[in-house]
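So that the names make sense, note that chain A is the first sequence line, chain B the second, and so on, each numbered from 1.
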Amino acid sequence: MTMNRQETEQLIQEVLEVYPEATGKQRAKHLMANDPSLEKSNKCIVANKKALPGVMTARGCAYAGAKGVVWGPVKDVLNISHGPVGCGQFSRAGRRNYVTGYSGVNIFNDINFTSDFQEKDVVFGGDKKLAKIITELDGLFPLAKGVTIQSECPIGLIGDDIEAVAKKSAKDIGKVVVPVRCEGFRGVSQSLGHHVANDSLRDWVLHGRDDDQSFASTPYDVAITGDYNIGGDAWSTRILLEQIGLRVIAQWSGDGSIPEMQTTRHAKLNLLHCYRSMNYISRHMEEKYGIPWLEYNFFGPTKIAESLRQIAAFFDDTIKENAERVIAEYRPTMDALIAKYRPRLEGKRVLLFVGGLRPRHIIGAYEDLGMEVIGAGYEFAHNDDYDRTFKELQDGALIYDDATSFELESFVERLKPDLIGSGIKEKYVFHKMGIPFRQMHSWDYSGPYHGYDGFAIFARDMDMTINNPCWQKLKAPWQRAQAEPLSAAA
Amino acid sequence: MPNVMLRHNAAGQLVFYVTKRDHEETVTALEHASPDRWGGEIRLADGSRFYLEPLARAPKLPMTVRVKRL
């Protein structure tokens, strides 16, 4: 059942009835029925506003955006969670940003470094302790290329001067030391953390090798930005780019490193996957170094082919020919894959509620499998994300910004989707409601989903989730419809 | 007096981007767009207007400037 715009609007009204008047009024601005002809979202949806008290939000904090998303995947820095121990420990290695190297020797993503704030640090300040930690870490991990100071809430509250410590320590140890002002209380969601982290990269890292001309660049150098290598995503992206003859000189920031970030200025094109979290640095590089940036989408064969052609259009004819060759090369594999999975997934309806880019980027991949996305929403998007979403979604589809747990559950009860893609906080609620669910933040411990190789895994995962026999076992035999013969259940 | 980045988008339109607000809007009219005088009143697609002190020559975009809200 596909809903038209009026039906969707009516559904929204009915769900909002439960709220007190003021809350309902506020929330109504965050919900809408899609109209693909819309160019601008600021007239029809409100985004990036503080969540209302009393309704549960799925959002994170600025620290989550800066340390968890942007800085966390950088493999050769020591990310100090500056403050009490919990923030670092509970966000440690949870996002499955794959890296190559030896843990504790030249990569440090799976280790929790923290200044472990105690009462006395709050009273007397933690700057001395921080300076000591940085020197100590440098001694323990000599192959690290830098240190970042990820502020937790107390640092901003007590007014420690981490910038001063960073400047002094950088001289002492002779490495990059980056203060990141990502205290959790800043902003309304993790989105500000992305911005803060991008600004820290711009101010403290990016220009580090501007005087160094030793890097031998080629006309085919590109950088991948906004790909965090979740389950190996950046690697399967990289394979494709290399196959069409480009050279990837930097990955921001999945499996990325400080030196490659500093040589990114030699790139001829910045390929931006997650617009929300890395558009800031891409815009800056465009202004400072004149590197154009291009948003692309590597989910599902249709979008991949489209993106490869767009990317190739920036380069000469050899690259364009290569792109066509690569697309043609993969076509039989993709056709076979779709022939295998499409009959099992055709017509299934999907509801998405994820973060930065996925609610709009994965739609193409589902459509390649014959599925339809009936609702999509972002936890922390801004209006420019919605501008980009309208044309991807079908007419009348439900759009929800920062949906509360109540709204999401009500929508699911009413729409009865065949699959939900969201995060761990939603997963078990919907499992208990008996609806197939995939975690689309971390690919549910699977992946990669980017690129042609990723699509094969994506299709398999969706099939094994939706067509899993367990969903038929949720009702006790005596609760099942009479017509259903018992023998079929056995 | 917001800090704004001016750039051309893929379609060649002039785009006005307010960094702090993540707000992007296309420019519908620019008062002076000649090579020796560039700036003045900027009119955006959403109807708002800004003023950029005219520059002596057409700049290389993208460029961050401070503009006045009108």
If I take atom NE2 from residue A:His284 and atom OG1 from residue B:Thr19, how far apart are they, to the nearest 0.5 angstrom? 11.5 Å
Atom NE2 in B:His23, atom CG in A:Asn48: separation rounded to 0.5 Å? 13.0 Å
Side-chain ion pair, A:Asp384 and B:Arg21, N-O less than 4.0 Å: no
Hey, are B:Glu24 and A:Lys40 close enough for a salt bridge, meaning a charged N less than 4.0 Å from a carboxylate O? no
If we only count heavy atoms from C-beta on, is the A:Lys288 to B:Thr64 side-chain gap below 4.5 Å? no
Do A:Arg283 and B:Arg7 touch side chain to side chain, with heavy atoms closer than 4.5 Å? yes
Using heavy-atom distances under 4.5 Å, tell me whether A:Asn279 contacts chain B through its side chain, its backbone, both, or neither. side chain
Using modelled atom types only, decide if a donor and an acceptor are shared between the side chain of A:Glu286 and the backbone of B:Pro62 within a distance under 3.5 Å. no
In terms of heavy-atom contacts, does CZ of B:Arg57 have more than 12 from other residues, nucleotides or ligands at under 6.0 Å? no
